[in-house]
Each structure stands twice: as C-alpha cells, then as structure tokens.
Amino acid sequence: MAVKLFIDAIRDALVYEMRQDDSVFVLGEDVGLRGGVFRVTQGMIDEFGASRVIDMPLAESAIVGVAIGAAAYGLKPVAEIQFADFIMPAVNQIISEAAKMRYRSNGDWSCPLVIRAPFGGGVHGALYHSQSVEALFYHIPGLKVVVPSTAADAKGLLIAALRDPDPVLYFEHKGLYRLIKDEVPDGEHVVPIGKAAVRREGTDITVITYGLMVHYVLEAAEELAHAGISTHVLDLRSLLPLDRDAIIEAARRTGKVLIVHEDNKTGGVGAEVSAMIAEEALYDLDAPIARLCGPDIPAMPFSPTMEKFYMLNPAKIADAMRTLAAF
Amino acid sequence: MSKQTAVRHREIGLSDEQVLDMYRTMILARALDERMWLLNRAGKLPFVVSCKGQEGAQVGLAFALDPTRDYVAPYYRDLGVVLRFGQTARDVMLSGFAKREDPNSGGRQMPGHFGSRKNRILTGSSPVSTQIPHAVGMALAARMRNERLVTYTSFGEGSSNQGDFHEACNFAGVQKLPVIFFCENNLYAISVPLARQVGCERIAQRAEGYGFPGVTIDGNDVLAVYEAARTAVNRALDGLGPTLIEVLTYRINPHSSDDDDRVYRSREEVDEAKQRDAIVTFGAYLRSTGVLTADKEQALLRDVEQVVDEATAYAEQAPYAEPQEALGHVYAQ
C-alpha cells in the first residue's frame with residue numbers, strides 16, 4: 001500500500017495487467033515515446049515495446065475499430081482517446097460495433113475492449129478539451145461505463161475493466177490526474193464494475209455524484225457539518241450499470257436527495273438516478289429530488305469568467321445542499 | 001476457345017477439381033440468391049439483399065484464401081465468400097427466415113449480415129465500412145500472436161468513401177499488415193452511379209495514397225481474380241503488407257428487395273451485363289476445356305437444386321427464437 005497520484009494509479013493498473021497478461025496492449029495517439037499527452041503511459045514503451053504500446057495515426061475511428069478487431073480476435077486492447085471530446089469520430093464504432101457484437105452474433109463473438117478517455121473541465125480546456133461525454137454512452141446497452149474518483153478506484157476499476165468480457169468505457173477526469181492522491185493497494189486490486197461506494201455517512205441529506213465532483217461534494221459536506229448538517233455521500237463509480245440498490249439505499253437513508261454532476265443537466269446520468277429513486281423510493285422522500293449540474297450549453301468556454309460559471313465548485317454545491325437540508 | 005487458353009486454370013495451378021468446386025460454389029450462391037428473392041416476392045422473407053452478378057469475383061477471391069487459416073470480415077453481398085468459408089445452404093436459409101438456429105445471429109439480423117466464429121467469419125453490421133478496421137485489427141492481433149495468416153474484408157465502391165475505409169487502409173499501410181481489401185465495384189451505390197461517387201477513375205488508385213498496391217481486375221474473370229488474390233495473399237504472408245483489389249462487377253438485381261432499379265438504370269444495360277456474368281462465361285470456359293461435361297453439369301445443377309430445396313424446407317419449418325430470447329447476450333452471462 002502506497003499513496004499514489006490518480007494518474008500513477010492508472011499507469012499502475014496498465015503495467016500490472018500487461019506484465020501478467022500478454023494479450024493486453026495499448027493503442028492511441030502519442031502513447032508511445034511521448035507517453036500520452038498527459039503522461040499516463042509514460043515509460044511503458046520502454047518496458048513493453050512498440051508492438052504493445054502502439055502509436056496510432058491520428059484517426060479515432062481506426063483506433064477503436066482496429067481495437068475491436070483485435071478484441072474479437074482474442075486480445076485485450078486498451079484504446080486511448082486523447083480527449084473524450086475527440087471520441088466523436090469513433091462513436092459509430094463504439095455504438096454500432098463494440099456494443100452490439102455479442103448481441104448481433106447471438107453470443108458467438110464478443111468485444112473485450114477498454115476505451116480510456118480523459119474528460120471534464122476546469123482546466124482551461126475550452127469547448128473541445130473539457131467535455132463530459134458519459135451520457136452519450138450511458139444510454140447504450142452492451143457498453144459499460146465507469147468513472148473513478150480516487151486513485152485506488154482508478155487502479156481497481158481499470159483492472160476490472162481489463163478483465164471484463166465486454167466493452168468498457170473508462171472515463172478519467174483530467175482534473176484529478178495530479179490533484180488527488182490516496183492509498184492504492186499494491187499488486188492485485190479489483191474494484192467490481194457496478195458497485196457504488198459510500199464516501200461519507202450522514203443522516204440529513206444524501207448527495208449522489210461521481211468523478212471530480214465527489215471531491216467537491218465531500219468538501220461541501222465538511223463545511224456543512226460545521227453548521228450541523230450531516231451529509232451522506234454516494235460515489236456512483238459505475239454509470240452503466242448503475243448500482244440501483246446502493247442508490248435506493250442512499251436515498252432512503254435521509255429522504256432528501258441531491259444529484260450532482262459536471263455534465264449538463266438535460267438527459268444526464270442524474271435524470272436516470274432521479275427516475276430510479278422516483279420509481280422505487282418516492283414515498284421515502286421528504287423533499288423533491290434535486291439536481292445540480294452543468295448548464296445546458298454546448299460546452300464550457302475558454303474565458304475564465306465563463307468557465308468558472310460553467311463549473312460547479314464546493315461553494316455552489318454547499319448552497320444547493322443547504323437549500324435541500326432546509327426543505 | 002483456343003487450346004492454349006483452354007488450360008488456363010492448370011497453368012495458374014488450379015486443378016480441374018478445384019475449378020469445378022469454384023463453379024459449384026458460384027452456382028450454389030446464385031441458386032440461394034434466386035430462391036431467397038423468390039421467397040421474398042412470395043411474401044415469405046421480409047427482406048433480402050442480393051449477390052447476383054458478383055459470385056464469380058467473390059469465389060475467385062475466396063479460393064485464394066485458406067478457410068482453415070484466414071479470417072474474413074465480409075460485406076452483405078459476400079454469399080460466395082461465406083459459402084467458401086463453410087456456411088451451408090441451410091445456414092443461409094435459416095438466416096433468411098430469421099430462425100433461432102441461424103448461426104449468424106440467431107435470427108436477430110437481416111440476411112447478409114454474416115458471422116460465425118467456427119467459420120472464421122467476423123460478425124458484421126449494416127453501417128457500411130465499419131468492418132474494414134476490424135479486419136485490420138484482426139491482422140494486427142494475429143501478427144502480435146505470431147500467427148501467419150491473412151484477413152480479408154470486402155465492401156462496395158460507395159463504401160470506399162467512408163472514413164473507416166481510409167483510416168483502416170492508412171493504418172494497415174503504416175504497419176504493413178496482412179490484409180486483403182476487396183472492393184466489389186458493381187457500379188452502383190444503391191442508385192448513385194460510380195461517377196457520382198468518386199472523382200477518380202479507379203478505386204484501386206486509392207491504394208497509392210496508403211503505400212500499398214492497388215489493382216483493378218475484371219470481376220467476371222474468375223481466374224484473373226483468383227490470381228490477383230493469390231498474389232496479394234502471398235505478399236501478405238511474406239510480411240510485405242496489404243493489397244487493395246478492385247473488381248469491376250455488376251449487381252444484376254436491385255440493391256435489395258425493397259429497391260426498384262428501373263428509375264436509375266436501363267433494362268438494356270442490365271441485359272448487357274447479364275451476358276458478361278461470370279456464371280455464364282466461367283461455365284462456358286469449363287465446358288470448352290472439357291472439365292464440365294454435360295453429365296457433370298446436370299448432376300451439379302440437380303444437386304444444388306436439391307440442397308437449396310432441402311435448406312428452404314428445413315429453414316421454413318425451423319422454430320423461431322422465443323420472444324424473451326431478445327433479452328439475451330447483451331453482456332456475457
């Protein structure tokens with residue numbers, strides 16, 4: 001057990017799995033000598049060579065499409081999309097192909113593929129280096145979607161994704177890379193896909209969130225604790241599948257639910273979480289379900305004033321939490 | 001036909017048995033295609049898509065591949081290829097009738113959406129060209145595993161405009177992967193003719209931009225297609241990289257059972273193409289060489305008809321999937 005940065009935990013998982021499973025390989029733009037634009041794959045080409053750390057031509061559909069072919073063949077590719085914003089050219093391959101290979105072949109073929117993509121804003125990334133794209137894929141049966149918020153989960157969820165027999169989208173918030181560090185188990189460490197985690201026990205209000213927002217919510221919860229408001233915090237970790245039982249349990253715990261995500265509100269993951277609670281725990285609620293999300297604009301602007309306006313922060317979240325607590 | 005050309009297939013290393021096998025595969029593909037079209041018109045199959053006119057090119061190519069070694073990612077017209085790779089008439093009819101036992105998809109997909117692991121046929125979809133990077137990925141994986149094989153993928157000339165074609169060819173060229181890109185240029189992408197699809201003269205010219213050879217072959221010349229394919233296979237196996245083979249062929253039927261081609265091409269044009277159809281010309285060649293005797297031909301046609309009859313009867317009576325089976329195989333169970 002050692003304290004590690006979020007970004008180092010991701011590399012740990014890749015290296016750990018590549019050392020013991022020679023079917024695992026990574027492919028993406030600049031992943032070789034450059035070690036990825038964020039340095040996630042730094043040094044890996046030295047250990048595993050250019051045949052397992054493949055610098056791909058600048059063509060996202062080929063990155064995913066080639067990975068799908070290799071996965072169908074029996075290897076375990078990890079396709080890196082440099083920024084989640086640039087996943088769009090590969091969406092046909094992800095949704096029409098990866099998500100449907102098992103289904104359309106009646107279980108004959110499968111696609112054990114992992115797609116890693118840095119997402120999220122607050123890093124002066126402007127419209128096309130800041131987006132949250134999870135809701136686009138969240139709708140698609142056949143895919144799995146995970147979003148770690150801690151270094152330990154970054155490792156454990158990635159190892160789980162690499163061993164999963166189906167395609168997994170692994171979205172890593174780029175704001176967490178060097179912001180967060182925590183205890184990461186050495187060696188074998190698997191966090192099962194589909195299991196949420198309670199990050200803080202509380203009795204007055206429940207906040208359900210994921211990604212970078214987990215940390216903002218915990219900060220806000222700490223602040224509210226000084227005012228005597230006790231917050232229960234659920235980190236979803238897996239968006240597809242959602243941990244239905246954990247969501248319902250967390251909602252019933254306090255009867256007041258706030259869902260927080262950086263992604264814009266309309267059609268976001270929060271809408272589904274909210275619907276689940278409405279379907280199964282409506283009569284346990286003491287307040288309408290609240291959502292605090294990014295505004296419904298195409299993406300966050302470059303200008304610092306407008307970027308700050310887009311992004312949630314602990315203060316905005318604390319305000320929403322206080323409002324809910326006072327209901 | 002002169003004595004010299006009469007033994008052309010032997011000169012390129014094909015035995016009489018092999019060319020008869022090729023011809024039988026073409027005839028079987030044609031018979032299945034025509035039967036399915038008929039069943040569609042009779043209201044028994046909701047949708048069919050045709051290989052008619054392209055069987056010769058498909059079979060010429062497929063016989064240069066090794067069905068026990070290579071992988072194919074075919075497009076929806078490639079009936080001739082999947083028959084060579086071990087799909088049976090019964091498999092094809094089960095797919096047409098969308099029955100549970102259909103090895104391609106258990107009745108989930110339209111006919112022409114081939115795929116079966118045991119036959120080394122990768123599962124395909126309807127959005128065109130998506131299979132092209134898959135074939136490249138399989139070739140990459142095979143090389144990583146030190147497996148000496150080639151992967152094959154096919155598509156129409158219209159599909160060669162898709163980004164996936166370009167992206168896949170480019171990467172295969174960079175990595176010199178053992179892939180055969182097979183463009184079945186049948187002159188129409190549904191209704192839009194070649195000249196309105198591409199600005200270049202030949203699809204094969206595109207290969208130059210990817211750094212590997214591109215050749216254009218008469219798709220009705222089965223033996224020429226076989227030879228070009230064999231050259232490409234050897235090149236791939238020798239580690240020299242991919243080849244783009246374009247065959248000039250013709251889609252005798254409308255695009256699908258729901259299309260009406262009378263609005264975009266003349267009957268004269270279609271009739272003229274029928275004269276050049278490889279089923280006609282290859283049959284004539286085999287007769288002229290004495291390989292296909294009248295007795296053999298009658299036996300072959302009788303046998304194929306019987307196989308198609310049996311497959312149709314079997315598939316028509318085979319059970320559908322239970323409704324709730326629609327819920328299965330979304331994820332590993």
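Quick note on labels: first sequence line is chain A, next is B, and so on, each numbered from 1.
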Side chains of Thr123(B) and Lys100(A), heavy atoms from C-beta outward: is any pair under 4.5 Å? no

Spacing of Asp108(A) atom CG and Lys118(B) atom NZ [to the nearest 0.5 Å]: 8.5 Å

Tell me which of these, Gly74(A), Ser23(A), Pro165(A), has more heavy-atom pairs under 4.5 Å with chain B than the rest. Ser23(A)

Does any backbone or side-chain atom of Ala172(B) lie under 4.5 Å from a heavy atom of chain A? Answer side chain, backbone, both or neither. neither

So which residue, Ala142(B), Ala168(B), Ser126(B), ends up with the most heavy-atom pairs under 4.5 Å with chain A? Ala142(B)

When you measure from the side chain of Asp166(A) to the backbone N and O of Tyr331(B), does any donor-acceptor pair fall under 3.5 Å? no

Indicate the atoms forming the closest heavy-atom contact of Met138(B) with Gly69(A), along with that distance. CG-O, 3.3 Å

So Asn92(A) and Thr130(B), do their side chains get closer than 4.5 Å, heavy atoms only? yes

Scanning both residues in full, the closest heavy-atom pair of Leu122(B) with Ala72(A) reads CD1-CB, 3.7 Å

Bottom line for Ser116(B): the part with an atom under 4.5 Å from chain A's heavy atoms is both

Can you tell me which portion of Ala139(B) sits under 4.5 Å from chain A's heavy atoms? Options are side chain, backbone, both or neither. neither

Rounded at 0.5 Å granularity, tell me how far OG in Ser105(A) sits from CD in Gln109(B). 8.5 Å

Heavy-atom proximity to chain B below 4.5 Å, by part of Ile140(A): backbone

Taking the side chain as every heavy atom from C-beta outward, state whether Gln93(A) and His134(B) have any pair of such atoms under 4.5 Å apart. yes

Could you tell me the separation between the CD atom of Gln162(B) and the OG atom of Ser61(A), rounded to the nearest 0.5 Å? 9.0 Å

If you count every heavy atom of other residues, nucleotides or ligands that lies below 6.0 Å from Glu208(B) atom CD, does the total exceed 12? no

Got Arg102(A) and Val330(B) here, is their nearest side-chain heavy-atom distance under 4.5 Å? no

Please examine the side chains of Arg104(A) and Ser125(B), heavy atoms only from C-beta on, and report whether any two atoms are closer than 4.5 Å. yes

Correct closest heavy-atom pair for Asn106(A) and Gly106(B) would be ND2-CA, 3.5 Å

Would a 4.5 Å heavy-atom cut-off, applied to side chains only, mark Leu58(A) and Glu167(B) as touching? no

Heavy-atom contact with chain B under 4.5 Å, split by part of Ser51(A): backbone

Between Tyr73(A) and Tyr71(B), is a ring pair (Phe, Tyr, Trp, His ring centres under 6.0 Å) present by the stated rule, with each step listed? CA-CA 9 Å; Tyr73(A) 189 86; Tyr71(B) 283 92; 5.4 Å; yes

When you look at OH of Tyr128(A), are more than 12 heavy atoms from neighbouring residues, nucleotides or ligands closer to it than 6.0 Å? no

Sort out for me which of Asn170(B), Leu140(B), Asp164(B), Val136(B) touches chain A most, counting heavy-atom pairs under 4.5 Å. Asp164(B)

Given that the side chain runs from C-beta out, which part of Arg143(B) has a heavy atom under 4.5 Å from chain A: side chain, backbone, both or neither? neither

Give, as side chain, backbone, both or neither, the part of Gln333(B) having an atom under 4.5 angstrom from any heavy atom of chain A. neither

Would a 4.5 Å heavy-atom cut-off, applied to side chains only, mark Asp22(A) and Met144(B) as touching? no

Under 4.5 Å from a heavy atom of chain A, the part of Ala135(B) involved: neither

Measure from the side-chain N and O atoms of Trp109(A) to the backbone N and O of Ile121(B), and report whether any donor-acceptor pair falls under 3.5 Å. yes

How close do Pro57(A) and Phe171(B) get, heavy atom to heavy atom, and via which atoms? CD-CD1, 3.4 Å

